[in-house]
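Single-structure report; data block below.
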Amino acid sequence: MIKKNRVYGLLGIGVYMANFNADLSGYPKTTASNQIFGSDKALKYPMKRMWEMQGEKVLYIKSMQIIKDKNEGEKLQPRDLNERYTFLFGPLDEKTSSKEVLGNLFSAIDVMNFGATFAEKKQNISITGAVQINQGLNLYKPATPFAQEILSPFRNSNEKSKEKLASTMGTKIVTDEAHYVYSFSVNPANYDEFIGLADGFEGYTKEAYEKFKQAAKVATTAFNTNSKSGCENELALFIELKEKSQLFLANLDRYVTVEKQNDRIVYDLSKLAELLEPHMNEIEYVELYCNPFTVEVKYGFLPCTVKSIF
């Protein structure tokens, strides 16, 4: 079924002795004013991995292949965009129709949600995603990144090194505690211009939205790599507007504060409730998910259904 109504929301990510999104230095990304933040890509990546593990087609994700080099033998190499498309959908050449390519793109769950920029083999397709996720600011002021020294089990084999007889040292950079808050919007109308251009494509589907919604609630927790172990989904808010609603909201994270009280993280949405109060006739319903064991949410008079994020 096709989804018609727009959605606004918030996603809260807790970080405990971990590094959710590092820059090239290895430290958490920061703004010019030194506030820690995470990119939308850092949030989308665990969602894509979760979808891939569930058997969904995911186009924009790193995947590896073995190539044969006449001088160096077989080598491991990441696929480029053309190779990834071919891996999922079959050969792509200059004679492939844009109608076919567009249909294949929308069959990938990440493209259906987040859109795509595809410029391969004389194709030039740009799709603004129905789901738009902003940068996530850390709203927990005491957050402090630091480096841990790690001893490697292997010696340094570099002949020029004076330490070649000793084990090598490394570092792991983590933040003691941080709480990123992302604002997002879902606008199915972004795909209206593509309706009828690909066989069977009728727009953004409710099924695709439900898959985004589920991944948004649990994917970060599920993505348990070395640096991401300790990063978890703590809060998810979904504000479903009525189909004909004329309410348009800017980034919602500016109406949120985060603090710690008695070993519980408190997300205060009171200002957001005040913002929405005059417009409740535009809203179909509000759903709020949180970790009931570690998180407390203050949402004022906001009429919402509160459920466990698990």
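Quick caveat, the model's predicted, so the values are computed rather than measured. Start at 1 with the first residue, then count along the sequence.
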Report task. Would you mind reporting whether Val297 and Leu288 have side-chain heavy atoms less than 4.5 Å apart? Result -> yes

Report task. For the residue pair Asn104 and Tyr85, confirm or rule out a side-chain donor-acceptor distance under 3.5 Å. Result -> yes

Query - Check against side-chain contact (heavy atoms from CB on, under 4.5 Å), Val266 and Glu259 - result: CA-CA 5 Å; Val266 179; Glu259 60 182 357; 4.2 Å; yes

Query raised in the report: Short question: side chain of Arg6, backbone of Leu247 - any donor-acceptor pair under 3.5 Å?
Result: yes

Report task. Measure the OG-CZ distance between Ser98 and Phe118 for me, rounded to the nearest 0.5 Å. Result -> 10.0 Å

Query raised in the report: Any donor-acceptor pair under 3.5 Å linking the side chain of Asp23 with the backbone of Gly26?
Result: yes

**Report entry** Reported NZ-to-CG distance for the pair Lys271 and Leu269, which is rounded to 0.5 angstrom
**Finding:** 12.0 Å

Query raised in the report: Under a single-linkage rule joining Ile, Leu, Val, Met, Phe, Trp and Tyr whose side-chain heavy atoms are separated by less than 4.5 Å, which residues share a cluster with Met53?
Result: none

**Report entry** Distance-only donor-acceptor check, side chains Glu287 and Tyr285, under 3.5 Å
**Finding:** no

Query raised in the report: So, for Tyr191 and Phe106, is the gap between ring centers shorter than 6.0 Å?
Result: yes

**Report entry** Interatomic spacing from CD in Glu100 to NZ in Lys95 - rounded to 0.5 Å
**Finding:** 14.0 Å

Report task. Supply the atom-to-atom distance Leu102 CG to Ile127 CD1, rounded to the nearest 0.5 angstrom. Result -> 5.5 Å

Report task. Determine the interplanar angle of the Phe114 and Trp51 rings, folded into 0 to 90°, and report it as parallel if under 30°, tilted if 30 to 60°, perpendicular if over 60°. Result -> tilted

Report summary line: Closest non-hydrogen contact found for Pro303 with Val286 is O-CB, 3.7 Å

Query - Heavy-atom pair with the smallest gap, counting every atom of Lys242 and Asn281 - result: NZ-O, 3.0 Å

Query raised in the report: For the residue pair Tyr209 and Tyr204, does the interplanar ring angle fall in the parallel (under 30°), tilted (30 to 60°) or perpendicular (over 60°) class?
Result: perpendicular

Query - Joint cluster assignment, Leu235 & Val181, ILVMFWY side-chain distance < 4.5 Å - result: yes

Query - Arg79 vs Phe87 side-chain heavy atoms within contact, under 4.5 Å - result: yes

**Report entry** side-chain contact (heavy atoms from CB on, under 4.5 Å) between Lys44 and Tyr60, worked out
**Finding:** CA-CA 10 Å; Lys44 290 174 181 176; Tyr60 288 88; over 6 Å; no

Report task. State, with a plain yes or no, whether a side-chain heavy atom of Asn233 is found less than 4.5 Å away from one of Lys217. Result -> no

Report task. May I ask you to list the residues sharing a hydrophobic cluster with Phe301, side-chain cutoff 4.5 Å, ordered by chain and number? Result -> none

**Report entry** Centroid separation Phe238 to Phe184 less than 6.0 Å
**Finding:** yes

Query - Under 3.5 Å donor-acceptor, Glu83 side chain and Asp80 backbone - result: yes

**Report entry** Closest non-hydrogen atom pair between Tyr140 and Lys260, with its separation
**Finding:** OH-CD, 3.6 Å

Requested in this report: Step by step, work out the side-chain hydrogen bond (donor to acceptor under 3.5 Å, both in side chains) result for Asn187 and Ser185.
Outcome: CA-CA 6 Å; Asn187 186 4; Ser185 63; over 6 Å; no

Query raised in the report: Is the side chain of Arg264 donor-acceptor paired with the backbone N or O of Phe293 at a distance under 3.5 Å, no angle test?
Result: yes

Report task. Would you check if Gln135 and Lys29 make a side-chain contact, meaning some heavy-atom pair closer than 4.5 Å? Result -> no

Query raised in the report: Do Leu43 and Val131 share a hydrophobic cluster, counting only Ile, Leu, Val, Met, Phe, Trp and Tyr and linking them when any side-chain heavy atoms are less than 4.5 Å apart?
Result: yes

Query raised in the report: Is it true that the side chains of Gln261 and Glu296 contain a donor and an acceptor less than 3.5 Å apart?
Result: no

Query - Check: Tyr299 and Tyr267 side chains under 4.5 Å, non-hydrogen atoms - result: no

Requested in this report: Run the numbers on Ile309 and Cys290 for side-chain contact (heavy atoms from CB on, under 4.5 Å), then give the verdict.
Outcome: CA-CA 5 Å; Ile309 204 166; Cys290 69; 5.6 Å; no

**Report entry** Neighbour count >12 (heavy atoms, 6.0 Å) for atom CE, Met1
**Finding:** no

Query raised in the report: Would you say Ile2 and Leu241 are hydrophobically clustered, going by side-chain heavy atoms of ILVMFWY under 4.5 Å?
Result: no

Query raised in the report: Where the side chain of Tyr182 meets the backbone of Gly38, is there a donor-acceptor pair that is under 3.5 Å apart?
Result: yes

**Report entry** Glu282 side chain reached by Leu276 side chain, heavy atoms, under 4.5 Å
**Finding:** no

Requested in this report: Could you grab the distance from atom OG1 of Thr205 to atom CD1 of Ile109, nearest 0.5 Å is fine?
Outcome: 6.5 Å

Report summary line: Scanning both residues in full, the closest heavy-atom pair of Ile133 with Met47 reads CD1-CE, 4.4 Å

**Report entry** Residue pair Tyr16, His179: steps toward the side-chain contact (heavy atoms from CB on, under 4.5 Å) verdict
**Finding:** CA-CA 9 Å; Tyr16 302 90; His179 299 274; 3.1 Å; yes

Query - Sidechain N-carboxylate O distance under 4.0 Å for Glu52, Arg49 - result: yes

Query raised in the report: Under 4.5 Å between side-chain heavy atoms, hopping through other hydrophobics if needed: is there a path connecting Val186 to Leu249?
Result: no

Query raised in the report: If you measure only the distance, is there a donor-acceptor pair under 3.5 Å linking the side chains of Asn190 and Thr128?
Result: no

**Report entry** Centroid-centroid under 6.0 Å between Phe201 and Phe194 rings
**Finding:** no

Query raised in the report: Asp268 versus Val256: any side-chain heavy-atom pair under 4.5 Å?
Result: no

Requested in this report: Can you see which heavy atom on Gln132 is nearest to which on Gly129, and at what distance?
Outcome: NE2-O, 3.0 Å

Query raised in the report: Would a hydrophobic clustering, with Ile, Leu, Val, Met, Phe, Trp and Tyr connected at side-chain separations under 4.5 Å, put Tyr289 with Val7?
Result: yes

Report task. Would you check if there is a donor-acceptor pair between the side chains of Asn5 and Glu240 at a distance under 3.5 Å? Result -> yes

**Report entry** Any side-chain heavy-atom pair of Ile61 and Asp110 under 4.5 Å
**Finding:** no

Query raised in the report: Roughly how far, to the nearest 0.5 Å, is CG of Leu76 from CD of Glu74?
Result: 10.5 Å

Query raised in the report: Can you name the nearest heavy-atom pair linking Gln123 to Thr96, along with the distance?
Result: NE2-O, 2.8 Å

